[in-house]
Amino acid sequence: MRIATFNINGIRARLPRLVEWLTETQPDVACLQEIKTQDDGFPIKDIEEAGYGAIWHGQKGFNGVAILARGATPAEVTRGLEGEPEDEHSRYIEAEVNGVRIASIYLPNGNPVPGPKFDYKIRWMARLRARAAQIWAEEVPAVLAGDYNVIPFDRDVWKPEAMASDALMQPESRTAYKAMLADGWTDALASRHPNGGVWTYWDYQMNAWPRDAGFRIDHLLLSPAAADRLVDAQVDKIYRGREKASDHAPVWVRLKD
DNA sequence: ATGACCGGCAGAGCCGGA
């Protein structure tokens with residue numbers, strides 16, 4: 001079973017890229033972030049024609065997450081995170097697919113630092129950790145996949161000094177992420193590439209892609225029952241080089257059946 | 001300075017992204 005996550009940066013603008021990627025790589029599950037559309041603008045017809053069922057949590061203009069499953073419709077468990085009822089951002093959706101719990105996560109960026117957006121990011125991370133603990137208690141195989149907007153270690157960025165003042169690399173952001181690792185969640189990509197130097201994002205600006213000036217912010221966290229089944233984790237880097245590409249590349253894990 | 005791009009919304013430039 002192969003589970004992928006892909007921040008597509010606008011599902012309508014990126015639809016040809018999305019269908020191409022689904023057709024070429026055939027992931028069993030695809031978690032999408034930044035669909036940037038209201039629920040009624042979600043291109044379900046095109047996705048179904050590509051052989052996938054889907055659930056989605058949209059929002060006008062920004063954010064928005066979805067879970068796709070090949071030949072099936074994901075069984076939704078919940079959407080949104082508890083703890084902040086006034087929060088209307090669409091950043092979390094969770095489902096069951098073929099016996100595996102799947103979450104598609106779009107964690108707040110948090111810039112500028114300091115400020116209310118950064119405070120919201122840190123609060124959101126605490127809310128995510130609380131939800132993760134509930135899933136943990138269910139003792140199910142679980143994959144919490146998405147754009148975490150956190151560069152966990154200096155080895156996860158092309159040049160740490162360049163991002164030092166950014167929300168993605170602040171000690172509080174890293175501490176909150178590492179708290180989940182300390183809880184027992186396995187960072188799948190890091191576990192397969194322990195020396196770092198693996199990027200999932202390259203800025204559109206500053207010639208970042210040709211210079212390979214990227215960083216790693218798209219993560220798949222595995223519960224113990226999922227980590228036991230992990231056989232591979234990779235970045236499909238070539239999709240960052242396609243015409244009208246997202247600024248993120250797809251990342252995936254393969255679990256033993 | 002790494003150094004000037006994207007998508008969405010709206011119907012021009014801004015906002016948000018990271």
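Letters A, B, ... mirror the listed sequences (proteins, then strands); counts begin at 1. Please read these numbers as outputs of a predicted model, since none were measured by experiment.
For A:K45 and A:E48, the salt-bridge test fails: no basic side-chain N is under 4.0 Å from an acidic carboxylate O. With respect to the salt-bridge test (charged N to carboxylate O, under 4.0 angstrom), the residues A:R211 and A:D203 do not qualify. With respect to A:R127 and A:D87, a salt bridge is recorded, a charged nitrogen being found less than 4.0 Å from a carboxylate O. Taking 4.0 Å as the cut-off between side-chain N and carboxylate O, A:E94 and A:R101 count as a salt-bridged pair.
Checking B:dG16, B:dT2, B:dA18 against the side-chain heavy atoms of A:K117 singles out B:dG16 as nearest. Here the side chain of A:M163 is nearest to one of B:dC15, B:dA4, B:dT2, namely B:dT2. Minimum atom distance to the side chain of A:K36 is reached by B:dG7, of the listed B:dG17, B:dT2, B:dG7. Listed nucleotides: B:dC6, B:dA18, B:dT2. Nearest to the side chain of A:A162: B:dT2. Nearest nucleotide to the A:N9 side chain, out of B:dC5, B:dG7, B:dT2: B:dG7. Nearest nucleotide to the side chain of A:K60, out of B:dA18, B:dT2, B:dC9: B:dC9. Closest contact between the side chain of A:K244 and the listed nucleotides B:dG7, B:dC6, B:dT2 involves B:dG7. Side-chain proximity of A:A13 to B:dA18, B:dT2, B:dG8: nearest is B:dG8. Distances were taken from every side-chain heavy atom of A:R91 (C-beta onward) to each of B:dT2, B:dC6, B:dG17; the shortest belongs to B:dG17. The listed nucleotides are B:dA18, B:dT2, B:dG17; the one nearest the side chain of A:M206 is B:dT2.
Atoms CZ (A:F118) and P (B:dG17) sit 14 Å apart, rounded to a whole Å. Taking atom CD of A:E88 as the reference point, atom P of B:dG16 lies 15 Å away to the nearest angstrom. Summarising the geometry, the separation between CG on A:L107 and C1' on B:dG16 is reported as 16 Å, rounded to the nearest angstrom. At whole-Å resolution of the value, CG in A:N109 and C1' in B:dG17 are 6 Å apart. Between the CZ atom of A:R14 and the C1' atom of B:dG17 there is a distance of 12 Å, rounded to whole Å. In this entry the distance linking CZ of A:F215 with P of B:dT2 reads 15 Å, nearest Å. Separating the CZ atom of A:F62 from the C1' atom of B:dC6 is a distance of 12 Å, rounded to the nearest angstrom. The separation between A:L168 atom CG and B:dT2 atom P is 17 Å, rounded to whole Å.
Counting heavy atoms from C-beta outward, A:D187 and A:K178 have side chains that stay 4.5 Å or more apart. In this structure, A:I151 and A:Y201 have side chains that are not in contact, with every pair of non-hydrogen atoms separated by 4.5 Å or more. By the 4.5 Å heavy-atom criterion applied to side chains, A:L22 and A:P27 are counted as neighbours.
Using a 4.0 Å heavy-atom cutoff across all strands shown, A:R240 reaches no nucleic acid atom at all. Backbone-only contact: A:N149 has heavy atoms under 4.0 Å from sugar-phosphate atoms and none from a base. Note on A:H89: nothing from the nucleic acid sits closer than 4.0 angstrom, heavy atoms only. Among the protein residues, A:D218 comes within range of no part of the nucleic acid, since none of its heavy atoms lies under 4.0 Å from any strand. Among the atoms of the strands shown, only primed sugar atoms or phosphate atoms (P, OP1, OP2) are found under 4.0 Å from some heavy atom of A:D147. Nucleic acid contact for A:R211: base, since at least one base atom lies under 4.0 Å from a heavy atom of the residue. Residue A:Y106 is classed as a sugar-phosphate contact, given heavy-atom separations below 4.0 Å to backbone atoms only.
Rounded to whole Å, the separation between the P atoms of B:dC5 and B:dG11 comes to 24 Å. B:dA10 and B:dC15 have their C1' atoms separated by 12 Å, with the value rounded to a whole Å. Between B:dG8 and B:dG3, the distance separating the two P atoms is 27 Å to the nearest Å. B:dA4 and B:dA18 have their C1' atoms separated by 15 Å, given to the nearest Å. With both ends at atom P, the span from B:dA12 to B:dG17 equals 25 Å, rounded to whole Å.
Nearer the 5' end of DNA chain B, as judged by each residue's closest nucleotide, is the contact made by A:Y204, out of A:Y204 and A:N111. Nearest-nucleotide mapping onto DNA chain B: of A:I217 and A:Q38, the residue sitting toward the 5' end is A:Q38.
Phosphate contact (OP1/OP2 of B:dA18, side-chain N/O of A:H248, threshold under 4.0 Å): present.
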